[in-house]
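The block underneath contains the structure these notes are about, expressed in structure tokens.
Order of the sequence lines fixes the chain letters, A, B, ..., with proteins taken first and strands second; residue numbering starts at 1 for each chain. The figures that follow rest on heavy atoms only: side chains count, while hydrogens, waters and symmetry mates do not. If you're wondering where the values come from, they're calculated on a predicted model, not measured in any experiment.
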2 protein chains.
Amino acid sequence: MQLSRAGEYAIRAMLHLAATSDEGISQIATISKTWAIPESFLRKILQSLTKAGLVASSRGMGGGLTLARPADQITLLDVIEAIEGKIFLNVCLTGPGNCESSTWCPVHCVWHEAQRSFTDILKSKSLKDLVINSDFKEHFQIT
Amino acid sequence: MQLSRAGEYAIRAMLHLAATSDEGISQIATISKTWAIPESFLRKILQSLTKAGLVASSRGMGGGLTLARPADQITLLDVIEAIEGKIFLNVCLTGPGNCESSTWCPVHCVWHEAQRSFTDILKSKSLKDLVINSDFKEHFQIT
DNA sequence: TGTAACAGGACAAAAAAGGTCACATTTGAC
DNA sequence: GTCAAATGTGACCTTTTTTGTCCTGTTACA
């Protein structure tokens, strides 16, 4: 019931890309050093984000990473689900897998409601919102 | 980012106790069979619930388990936190552990808000509510 | 005293998380 | 064309967590 470290790393990296988007492309090595994320591991995480269509990558000299979409069109939920998969699936009492029979499964709808309000908030804020409304950018410039 | 199986088992067991509270005491073996939960594992889970003060146990012949409080005074959140600990703690971006400096950590408050709305819903419904507003009781009588 | 119940600790197997490495591939610059 | 800079990919390893099992108490009642 906690965000994985991979998920946390992914958010850091995405915020980094959002904050530096006007300076062009970023390299994995840079992000790794700035945020103290093991480089090999970060590479894996960014691969997932690329496959999910959130990050655009280019290889070769001068290559690197950028956001695949404008920062105001990527939400926290996008990032988390790209790494962890759909949130909260399959939590029900009927047994393994199928809980369509919500008539007698009393927890079904409560869980659904809780999940919904949770994800609604995570998708209400874009990366752009997050970077703008804080000292994030200044702070990590210094570091 | 999912409820553990132990948490799911715990909810089943607590609903069972809530639904049978008027018939008196229940045994672990019965709950285990009714809900297809491995008995040894269930014993461990119920120990946690007992320690958390949600379940009252008595040993010896004629012993067994009951809810420690009326079913309308136990919430889903109570049950889940008894098994999994406080939800979502320590998930933040500042680094390992301490995120008091929410001035520059842009995700802090979003996360906090999401966590709050999630837990609010989980504690808005008691076991009694859940058992009454469904065919739960009938269904598991038959099984 | 025997039996039916829970309590608790040690331990084991399996799965997931976190991380590393070697090598492949692409790209641009010389 | 070759070299170096960058990501892509798969195999692998280690540690931690989850999911149990088992054995030995302990309590209580008949």
Side-chain angles (χ1 to χ4, degrees), chain A residues 1-13 16-17 24-33 35-68 80 82-85 87 89-91 96, chain B residues 1-13 16-17 20 24-33 35-68 80 82-85 87 89-91 95-96:
Chain A
M1 216 67 179
Q2 258 187 242
L3 186 64
S4 66
R5 200 172 306 186
E8 197 174 319
Y9 290 164
I11 295 175
R12 290 194 208 179
H16 184 114
L17 292 178
I25 225 163
S26 299
Q27 278 76 46
I28 289 179
T30 309
I31 302 176
S32 160
K33 276 170 206 142
W35 294 101
I37 305 171
E39 185 170 335
S40 309
F41 194 30
L42 181 59
R43 189 178 337 243
K44 281 303 170 58
I45 292 167
L46 284 168
Q47 272 176 38
S48 301
L49 294 172
T50 304
K51 277 183 191 161
L54 300 179
V55 167
S57 73
S58 54
R59 303 203 225 185
M61 232 172 109
L65 307 163
T66 58
L67 296 183
I80 293 174
I83 298 299
E84 311 228 336
I87 283 183
L89 275 172
N90 262 6
V91 177
Chain B
M1 218 66 180
Q2 259 187 243
L3 186 64
S4 66
R5 200 171 309 186
E8 198 174 318
Y9 290 164
I11 295 175
R12 290 192 208 180
H16 184 114
L17 292 178
T20 61
I25 225 164
S26 299
Q27 278 76 46
I28 289 180
T30 309
I31 302 177
S32 160
K33 277 170 206 140
W35 294 102
I37 304 172
E39 185 170 333
S40 310
F41 194 28
L42 180 58
R43 183 172 343 217
K44 280 306 167 63
I45 292 167
L46 284 167
Q47 273 176 37
S48 302
L49 294 173
T50 303
K51 277 185 191 161
L54 300 179
V55 167
S57 73
S58 56
R59 303 203 224 185
M61 234 171 108
L65 306 163
T66 57
L67 296 183
I80 292 174
I83 298 301
E84 310 226 337
I87 283 183
L89 275 172
N90 262 7
V91 178

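- Rounded to a whole Å, the CD1 atom of B/I83 is 12 Å from the P atom of D/dT18.
- Contacts of A/A29 with the nucleic acid, taken as non-hydrogen atoms under 4.0 Å apart, are absent.
- Between the side chain of B/T20 and the backbone N or O of B/H16, at least one donor-acceptor pair lies under 3.5 Å.
- Of the possible polar contacts, none joining the A/E84 side chain to the A/L3 backbone as a donor-acceptor pair under 3.5 Å is found.
- Distance check, rounded to the nearest 0.5 Å: CG of A/L65 to CG of A/L54 gives 12.0 Å.
- Shortest non-hydrogen contact noted between B/I25 and B/S58 is CD1-OG, 3.4 Å.
- The span of DNA chain C lying next to chain B, judged by atoms under 4.0 Å from heavy atoms, is bounded 5' to 3' by C/dA4 to C/dA10.
- Note on B/Q47: a base of the nucleic acid sits closer than 4.0 angstrom, heavy atoms only.
- Nucleotide D/dG20 holds its C1' atom 10 Å from the CD1 atom of B/I45, rounded to whole Å.
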Can you build the contact string for nucleotides 21-30 of chain D? Use B for base contact, S for sugar-phosphate-only contact, and - for no protein heavy atom under 4.0 Å. B---BBBBS-
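- Annotation: ring pair (Phe, Tyr, Trp, His ring centres under 6.0 Å) contacts involving residues 39-62 of chain B, sequence neighbours excluded, comprise B/Y9-B/F41.
- In terms of heavy-atom proximity, A/S48 sits nearest to A/A82 at CB-O, 4.4 Å.
- Rounded to whole Å, atom P of D/dT18 lies 11 Å from atom CG of B/L3.
- Among the atoms of the strands shown, none is found under 4.0 Å from any heavy atom of A/L46.
- For A/S32 (side chain) and A/P38 (main-chain N/O), no donor-acceptor pair under 3.5 Å exists by modelled atom type.
- The two residues B/T66 and B/G24 make their nearest non-hydrogen contact at CG2-O, 4.0 Å.
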